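Input: a single structure, listed below in structure tokens.
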There are 2 protein chains.
Amino acid sequence: MARVNDAVKKTVRPEIPRKTVYRLSVYLRCLQRLKGNAIRTVSSEALAKAAGVKPTQLRKDLTYFGQFGTRGLGYDVEELATMISDLLGTNSLQPVILVGVGNLGSALLSYRGFEKEGFEIIAAFDLVPKDKRNRPRPVFSMEKLPGFVQERAVRMAILTVPAIVAQEVTNQLVEAGITGILNFAPLVLQVPEEVVVNNVNLAIELENLSYFIQS
Amino acid sequence: MARVNDAVKKTVRPEIPRKTVYRLSVYLRCLQRLKGNAIRTVSSEALAKAAGVKPTQLRKDLTYFGQFGTRGLGYDVEELATMISDLLGTNSLQPVILVGVGNLGSALLSYRGFEKEGFEIIAAFDLVPKDKRNRPRPVFSMEKLPGFVQERAVRMAILTVPAIVAQEVTNQLVEAGITGILNFAPLVLQVPEEVVVNNVNLAIELENLSYFIQS
DNA sequence: AATTGTGAATTGATTCACAGCT
DNA sequence: AGCTGTGAATCAATTCACAATT
């Protein structure tokens, strides 16, 4: 069976490793801290140490996107922070919706930690209408979702529904135009390839710890 | 510069990739679902599909720990689930404490999703005493922590304190005998090497999505 | 003198290909 | 015949080593 298109090779995109993009976020946090301390310049060594990686890894990560340092001197904190922020698309506040207002969902709704990182949960959706007391955001019924997403041009959703309905809700989200899903349901979501899913599973994180602390 | 101990090779431990251990948790979830559906036997192909990986990866992952299948037949669902659960140390309910009862901390405290996965948050700690209403668990002041951890032989902690105090609190945890930390604070914790830290950072997950959904 | 940027080397993870059981 | 288990091959990520630059 001859491989007809061995030479075709996906397409030209530089293909940045996902881990590199994660680390970019970590670097950004460190840079923000430095900026807060009025530090203007940082070497790859110092920044890498703060981020918990090796200096060469930091430099290699950055070269995927260009050259940002000055040899003999290091990186300009402000400038590097801006460039990473631009890259990640977090310079402007991004609207996010949350779907599934159960225990964890409510929890995340009242957690304001996202805002200073460039994200705002602008609305939540659930099958069953929720008690309005103590809710910092509107909770709409699911039928309102498609219209809302379109109107407000929302692209990202936090999914905190029970596993049994997660795939179905995901289909609705995709249908509505959501292209990024932060999934807390413990299952593997099937999505078209233009949609990105990041999974967070706290039980799995605990299990993982559990394994590594044994003996 | 001759490499004197090229032959020495760390030590004998099989050195399981961390990603393999994560996937073990995913396999376990899938097996539990199968078990719920009264399915007794599964092929690497079917299980891998459910877990969102390639069959060879599943098989390779398992071989780190031994041989569990029957050629021509597949794996016994029950048996494989038990062996993974044993391996992860989640067959017996594990006590976990939570430190930092702010927004996210309270959220996780009221989230009961851990229990059916083998973990129980048996107590929470905070610097400032908390309103007791609506709290499903006791919230103790930090001074009580060392005694509690020792008495109840707790080894794992969920850390949801503000970043500014996270390192200091971590030191206290390590001092008290905690060896596994699930860290939600957005910084890199310094710990002795026998202590394992898993980081969960929701803002970073959103940022990462944000990057990948661009254009 | 200090520090970046980067090909080359190395290390690690995944996938292939098939031998070995049942 | 079907499916696992695994060494070898491939692919990807990290680290090294050093040339280039300020």
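So that the names make sense, note that chain A is the first sequence line, chain B the second, and so on, each numbered from 1. Computed from a predicted structure; not experimentally measured.
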A:Asp61 or B:Leu62, whichever maps to the more 5' nucleotide of DNA chain D: B:Leu62
Can you find a side-chain donor-acceptor pair between B:Gln94 and A:Ser210 that sits under 3.5 Å? yes
Keeping A:Arg137 on the side-chain end and A:Ile121 on the backbone end, is there a donor-acceptor pair under 3.5 Å? yes
In whole Å, what is the span from the CD atom of B:Glu79 to the P atom of D:dT4? 13 Å
Salt bridge present between B:Arg29 and A:Glu207 (N-O < 4.0 angstrom): yes
Residue pair A:Thr20/B:Glu45 against DNA chain D: nearer the 5' end by closest nucleotide is B:Glu45
A:Lys60 side chain near D:dT14 phosphate (N/O to OP1/OP2, under 4.0 Å): no
Please give, in whole Å, the distance from C:dT14 P to B:Tyr22 OH? 14 Å
Is A:Thr41 reaching over with its side chain to a backbone N or O of A:Asp76, donor-acceptor style, under 3.5 angstrom? no
What integer distance in Å separates B:Tyr64:OH from D:dG7:C1'? 13 Å
d(NZ, B:Lys54; C1', D:dC11) in whole Å: 12 Å
Under 3.5 Å, is there a donor on one side chain and an acceptor on the other for B:Glu175 and B:Asn171? no
Among the candidates C:dT6, C:dT4, D:dT4, find the nucleotide nearest to the side-chain atoms of A:Gln67. C:dT6
Quick one: label A:Ser43 by what it contacts on the DNA or RNA (base, sugar-phosphate, nothing), any heavy atom closer than 4.0 Å. sugar-phosphate
Close side-chain approach of A:Val200 and A:Leu182, heavy atoms under 4.5 Å: yes
A:Arg59 vs B:Lys19, nearer the 5' end of DNA chain C by closest nucleotide: A:Arg59
Does C:dA2 have its OP1 or OP2 closer than 4.0 Å to a side-chain nitrogen or oxygen of A:Tyr75? no
Reading DNA chain C from 5' onward, which residue's closest nucleotide shows up sooner: B:Thr56 or B:Thr70? B:Thr56
Euclidean distance, atom CD of residue A:Gln57 to atom P of C:dT4 [Å, nearest integer]: 15 Å
Neighbour count >12 (heavy atoms, 6.0 Å) for atom CD, B:Gln57: yes
Would you kindly give the CG-to-C1' distance between A:Leu58 and C:dT6, to the nearest whole Å? 14 Å
B:Ser44 side chain N/O closer than 4.0 Å to the phosphate oxygens (OP1, OP2) of D:dC3? no
Ignoring backbone atoms, establish whether A:Arg23 has a side-chain N or O less than 4.0 Å from OP1 or OP2 of D:dT14. yes
Could you check how far CZ of A:Phe68 sits from C1' of C:dT6, rounded to whole Å? 15 Å
Counting only heavy atoms from other residues, nucleotides and ligands, does the tally under 6.0 Å from CD of A:Glu194 exceed 12? yes
Please report the distance, rounded to the nearest Å, between CZ in B:Arg18 and P in D:dT14. 14 Å
Output a table of nitrogen or oxygen pairs between the protein and nucleotides 19-21 of chain C separated by less than 3.5 Å.
from	atom 1	to	atom 2	distance (Å)
C:dG20	N3	B:Arg71	NH1	3.0

